[in-house]
There are 2 protein chains.
Amino acid sequence: MSSSVDQVRSFNRIVTLRVGALDDSYLGRGRPLGQARLLSEIARDGGDMRLLRERLGLDSGYFSRLVQSLRKQGLITLKQHAGDRRRRDIALTQQGQAEHAAYEQLSDELAVSMIEPLNPSQQERLLAAMAEVESLLTAAAVTIGCERIGGDAAKFCLTQYFRELAERFEGGFDAARAQAEKDNSMAPPTGCFLVVRLFGRPIGCGGLRSLASGTGEIKRMWVAPEARGLGVARRLLAALEDKAVDLGMHAVRLDTNRALAQAQSLYRKAGYHAIERFNDNPYADFWFEKRLGGDPGQLPGKSSPISR
Amino acid sequence: MSSSVDQVRSFNRIVTLRVGALDDSYLGRGRPLGQARLLSEIARDGGDMRLLRERLGLDSGYFSRLVQSLRKQGLITLKQHAGDRRRRDIALTQQGQAEHAAYEQLSDELAVSMIEPLNPSQQERLLAAMAEVESLLTAAAVTIGCERIGGDAAKFCLTQYFRELAERFEGGFDAARAQAEKDNSMAPPTGCFLVVRLFGRPIGCGGLRSLASGTGEIKRMWVAPEARGLGVARRLLAALEDKAVDLGMHAVRLDTNRALAQAQSLYRKAGYHAIERFNDNPYADFWFEKRLGGDPGQLPGKSSPISR
DNA sequence: AACATTACCTGACTAAAGTCAGCTAATGAG
DNA sequence: CTCATTAGCTGACTTTAGTCAGGTAATGTT
């Protein structure tokens, strides 16, 4: 373990040394870092002040002044938001776009300088290793927590989930037919609704509700397309099972549609086995169950190594 | 190419996001970042103020105050340097060591949090990829430049080089017998002495001097043990050959001792072939030569892809 | 209609980080 | 011995980054 920590720390050291150079090169344009960062954030996906302030996590007064300084430099314009005259939309001026392009250029140059001295085969190895680190660090940054099913994040996830089902199911999907009224049962004290977040953004969800006789049902399991391939679904499923154990359930069931082949293979790998139809979900083609607490050495509520 | 840059930039983004969290956790100890960083640097390898100031690249006044603030907190002591009473040696007090250990703990915790959520096989992959990125980024950070052979860096490298030869040669090595008087010829305008640096520290060297009739001789090629395996020697050799081309040479020669097997294989891979003894170096067992400018499409002075 | 909340702005303040000029004491070079 | 240089210290100053307490206009809630 100690050698793992050493490896990570030595990686951190070298990477901050190299990547930290970006701040210096940004400062080279004679503008404080805060302004430069704000400019980049505006260029990335504009929007109104409130959104940006939230994303950057800045104090309202401080943020206001930062924006004003960019405006005085002629890099951005502020317009009243259509519909809500309190809000102000931010947009880059032509000069602002040019300035942003200059910062992009600096970032590109740093990136080039990091790979350029290497020969082609080394470059290839470096890029592959970077992709691997990136994907695994992203996976490790994922958090899973219980949230209100009526909350913004949960609603966002469910909307995306339903939209995807409508696309993928052969006969489409109608949320109303899917017994959506039962969703409220996915809440404490007899169930829960887990939201997966990556850097604060919701990227997945899954609900657990109580059936009769100590059995749980897992529903609404979804992972955003851009977050797939990171092992998120596996961890989410394990987290739901942990919750089920916490709630004293001795088994969990779920159903799935034939269009969702990867889901089926995930369930089988996680130890689920096919059972008879246990509900009247019109969209279900397969039904699975997994007995919980089979490992007597495992304390309830303690995460399994795979889930955390 | 553009996709390489994108990959590097996306890597940079994710890594700064994760590793940048270290600053926040350092601030959690109620001490400004500057002080925390200085403390870590002192703990790493102490030394006197001048050395540290240079390494951190800080203004003398600012640095002095930083040091005083740590002293007032009882974390370090200052003593007159033995021999030069202007200098002051810095040492951690017991309290300083404890405080440093606390910061180390924070770094360790960050490292653990970066790998802990992953399952064992993912952890293994992440650590391997980190090691790969680290080694290749280090390799890419290497710089090669012409320096005075009498300079500090050159002297340091040559000392290390001679020490290593003395260890590895069967009959030892005596620098005086090695025609060291010819070293001065490894300088402009008829030769050069290249120093390889990694983050400013000299980690290798190699000299080129002019023999009769447009032929160059490569001598004193050395790479520090801790920098081996990064392809430094290959790049250094290519850089020396570039220099030779710049100086109008049409071939370079070199000799080597039988104890240096890796050197021989490097030379062969780089296109050198064995020739008859061309000098009276008592330590030489093999002699090599490579014809230059064989590639007519290559402009003189332009680096080959392998060398930069 | 009354009241609370939200979005943005302003003024007053602070700490961190750093720059610059000049000072003293010790050391090194000629 | 003289003079320049070096190592460290001090005072005065600036910029950046931020906090906090209010203020105003628009919007939502009851």
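Since this is a predicted model, take the numbers as computed values, not measurements. Naming convention: chains lettered A, B, ... in sequence-line order (proteins, then strands); numbering from 1 in each chain.
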Figure out the NZ/P separation between B:K79 and D:dG8, and round it to whole Å.
15 Å
Is a side-chain donor or acceptor of B:S185 paired with a backbone partner of B:R209 at a separation under 3.5 angstrom?
no
Please state how far atom CG in B:L58 lies from atom P in D:dA7, giving the value in whole angstrom units.
15 Å
Could you work out which one of D:dC9, C:dC8, D:dA17 sits closest to the side chain of B:L78?
D:dC9
Residue mapping more 5' on DNA chain C - nearest nucleotide basis, B:L66 or B:G61
B:L66
Which comes earlier along DNA chain D counting from the 5' end, the contact point of A:D84 or that of A:Q35, where each point is its nearest nucleotide?
A:Q35
Identify whether any heavy atom of B:G57 sits under 4.0 Å from a base atom; if not, whether one sits that close to sugar-phosphate; answer base, sugar-phosphate or nothing.
nothing
Could you check whether the side chain of B:R65 and the base of D:dG11 have a donor-acceptor pair of N or O atoms closer than 3.5 Å, going by distance alone?
yes
Is it true that A:Q73 and A:Q95 share a donor-acceptor pair across their side chains at a distance under 3.5 Å?
no
Without decimals, in angstroms, what is the distance between B:L27 CG and D:dA17 P?
15 Å
Take the protein atom CD of B:E54 and the nucleotide atom P of D:dG8, then report the distance between them rounded to whole Å.
10 Å
Round to the nearest Å and state the distance from A:L70 atom CG to C:dC8 atom C1'.
16 Å
Listed nucleotide nearest any side-chain atom of B:P32, set C:dC9, C:dA17, D:dC9:
C:dA17
Side chain of A:R86, base of D:dT27: donor and acceptor closer than 3.5 Å?
no
Under a 4.0 Å threshold between the charged nitrogen and the carboxylate oxygen, would B:R55 count as salt-bridged to B:D45?
yes
Which pair of non-hydrogen atoms, one from A:S64 and one from A:M49, has the smallest distance, and what is that distance?
CA-CE, 4.3 Å
Does B:R85 contact D:dG8 through a side-chain donor or acceptor facing the base, at a distance under 3.5 Å?
no
Can you tell me the distance, in whole Å, between the CZ atom of A:F63 and the C1' atom of C:dC9?
13 Å
Is A:E226 salt-bridged to A:R201, going by a charged N under 4.0 Å from an acidic O?
no
Under 4.0 Å between a side-chain N or O of A:R50 and OP1 or OP2 of C:dA7?
yes
Between C:dC8 atom C1' and A:I76 atom CD1, what is the distance in whole Å?
13 Å
From CG of B:D23 over to C1' of C:dA15, roughly how many Å is that when rounded to an integer?
16 Å
Is the phosphate of D:dT27, meaning OP1 or OP2, less than 4.0 Å from a side-chain N or O of A:R87?
no
